[in-house]
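For reference, the structure discussed in these notes is given below.
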Amino acid sequence: MNSIFGEKGECLIGIEKSENYSLDLPIQLSEYTLILIHSGEGIYHADFASFQFSGPIILFSTPLQTIFIEQQKNLEYTLLKFHGDFYCIEIHREEVACNGLLFNNIYLEPSVMLSQQQHDDFHQLLNRLEEELTGSDSSEMVLKSYLQVVLAKCSTFKLKSLEKEAVTISKDEKMEQFRQLLDEKYLTLHKPNDYAALLAISPNTLTKKTIKYFGKTPSQLIQDRLILEAKKMLHLTTLSIKEIAYQLQFNDEYYFSRFFKKYTQISPQAFRNKGGISQIAYLSK
């Protein structure tokens, strides 16, 4: 078997190959997902964001994002998925440094380009993980160790990529201010015009700048920031849906549920049921 399942039937960890697994139609996986593109090209969609890519590259998705690859051309890939119940990235954040870098970041493109040598080394690592996964004496501890190395490698690749970008792409101070303002005020300010006023620029200029700098409109970023916080609270706390709606300053839990489902295609309760509540929620009590 190329997957291990939990008591409730959820996939704890698994590996799929492009010849046996299709990503040409929208799908919502309950697991954290890494897609190592060996070769080929296409357009990667993760919720409402999208970008063109060509291999070798690694694409990422968080639990229950709607993902698919459009306009595939000669695409070959290996997909690795793991459930938060199997490996909690919040608990292991110091070892793998992937949360907020590879996953759960609305400002960064969920990908990292690879050199051919990086691809070959990373592919070998995934092959060893698969050998352990499919072996008759497979060890959960060994699988977690491999997974930790995989995530740490990805984080290293991403950090190096961002360092190179910083040299060639100049920072836009207004956009960095917008990022800071959004993280501070996303609960109370929900209109692009509000942020444009605080930045002393026109709404049209704000839109042009955010599309160029983040690849998203201001409205998308505002919506994504609120949804990200909702997902965090559903996964990392034991608060009820009603309590989460209150903390996110929605009028009631029903309005919050409609808002959440509109942008994620799934209700808050279903998101929590499929993704589970992280161990960290209980450790903090």
Side-chain angles (χ1 to χ4, degrees), residues 26-28 42-53 59-71 99-111 162 165 169-236 241 244-268 270-271 275:
I27 187 173
Q28 286 183 299
I43 300 175
Y44 182 54
H45 296 265
D47 288 337
F48 296 101
S50 63
F51 57 90
Q52 290 185 314
F53 69 85
L59 309 175
F60 305 93
S61 76
T62 53
L64 298 164
Q65 272 192 307
T66 300
I67 64 170
F68 69 101
I69 298 177
E70 184 188 9
Q71 296 181 17
N99 197 19
L101 186 64
L102 310 177
F103 307 107
N104 298 317
N105 192 313
I106 66 170
Y107 305 107
L108 295 178
E109 195 173 273
S111 70
L162 291 174
E165 286 181 15
I169 302 175
S170 58
K171 275 196 173 184
D172 186 320
E173 292 302 326
K174 286 290 184 183
M175 289 300 92
E176 291 302 324
Q177 289 175 34
F178 174 61
R179 187 204 303 256
Q180 184 177 348
L181 283 170
L182 182 54
D183 285 337
E184 291 173 355
K185 300 181 181 295
Y186 67 93
L187 288 177
T188 55
L189 298 184
H190 299 151
K191 296 179 180 179
N193 288 10
D194 296 329
Y195 292 94
L198 289 172
L199 292 166
I201 59 177
S202 71
N204 188 45
T205 298
L206 176 63
T207 298
K208 288 179 179 177
K209 281 180 169 288
T210 57
I211 291 173
K212 182 179 179 181
Y213 202 67
F214 299 116
K216 299 178 182 180
T217 67
S219 295
Q220 283 179 307
L221 287 164
I222 293 165
Q223 157 209 305
D224 286 354
R225 186 62 185 83
L226 198 53
I227 290 293
L228 175 60
E229 198 63 26
K231 286 180 175 180
K232 284 182 178 180
M233 295 179 79
L234 288 165
H235 182 55
L236 300 177
I241 305 299
I244 292 173
Y246 176 78
Q247 290 210 9
L248 293 176
Q249 300 190 21
F250 283 84
N251 292 332
D252 58 62
E253 62 183 296
Y254 304 106
Y255 176 47
F256 166 61
S257 293
R258 289 195 299 272
F259 173 84
F260 189 87
K261 189 170 184 178
K262 178 181 178 181
Y263 293 111
T264 66
Q265 317 305 315
I266 190 170
S267 71
F271 178 89

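Computation of the quantities below employed the complete heavy-atom set of this structure, encompassing side-chain atoms and omitting hydrogens, waters and symmetry-equivalent molecules.
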Tyr246 and Phe250 aromatic centres sub-6.0 Å: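 Ring centroids of Tyr246 and Phe250 are no less than 6.0 Å from each other.
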
What pairs with Gln177 under side chain to side chain donor-acceptor pair (under 3.5 Å), at least two apart in sequence or on another chain?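 By the side chain to side chain donor-acceptor pair (under 3.5 Å) rule, Gln177 matches no residue at all.
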
Parallel, tilted or perpendicular: ring planes of Phe53 versus Phe51, cut at 30 and 60 degrees: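 Ring orientation, 0 to 90° scale: perpendicular.
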
Let me confirm one number: the [atom1]-[atom2] distance from [X] to [Y], rounded to the nearest 0.5 Å.
{"X": "Phe271", "Y": "Lys261", "atom1": "CZ", "atom2": "NZ", "answer": "14.5 Å"}
{"X": "Leu198", "Y": "Lys185", "atom1": "CG", "atom2": "NZ", "answer": "6.5 Å"}
{"X": "Lys174", "Y": "Thr210", "atom1": "NZ", "atom2": "OG1", "answer": "14.0 Å"}
{"X": "Glu253", "Y": "Ile241", "atom1": "CD", "atom2": "CD1", "answer": "8.0 Å"}

Main chain of Leu226, side chain of Glu229: is a donor-acceptor contact present, judged purely on distance under 3.5 Å?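 Here the side-chain-to-backbone pair does not exist.
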
Can any side-chain N or O of Thr207 pair as donor or acceptor with the backbone N or O of Pro203 at less than 3.5 Å?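 Side chain of Thr207 to backbone of Pro203: a pair is present.
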
If we ignore angles and hydrogens, is there a donor and acceptor under 3.5 Å between the side chains of Glu176 and Gln180?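 No, no side-chain donor-acceptor contact under 3.5 Å.
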
Got a sec, which pairs hit ring pair (Phe, Tyr, Trp, His ring centres under 6.0 Å) with one end in residues 181-227, sequence neighbours left out?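 Every pair satisfying ring pair (Phe, Tyr, Trp, His ring centres under 6.0 Å) with a residue in residues 181-227: Tyr107-Phe214, Phe178-Tyr195.
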
Tyr254 OH: over 12 foreign heavy atoms closer than 6.0 Å: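 Check fails, neighbour count at 12 or below.
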
Would you say CD of Gln52 has more than 12 non-hydrogen atoms from neighbouring residues, nucleotides or ligands within 6.0 angstrom?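 No - once you tally the heavy atoms of other residues, nucleotides and ligands closer than 6.0 Å, there are 12 at most.
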
Between Asn104, Leu108, Leu102, which is the residue that forms a side chain to side chain contact (heavy atoms under 4.5 Å, CB included) with Phe60?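 Going through Asn104, Leu108, Leu102 one by one, the side chain to side chain contact (heavy atoms under 4.5 Å, CB included) with Phe60 is satisfied by Leu102 alone.
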
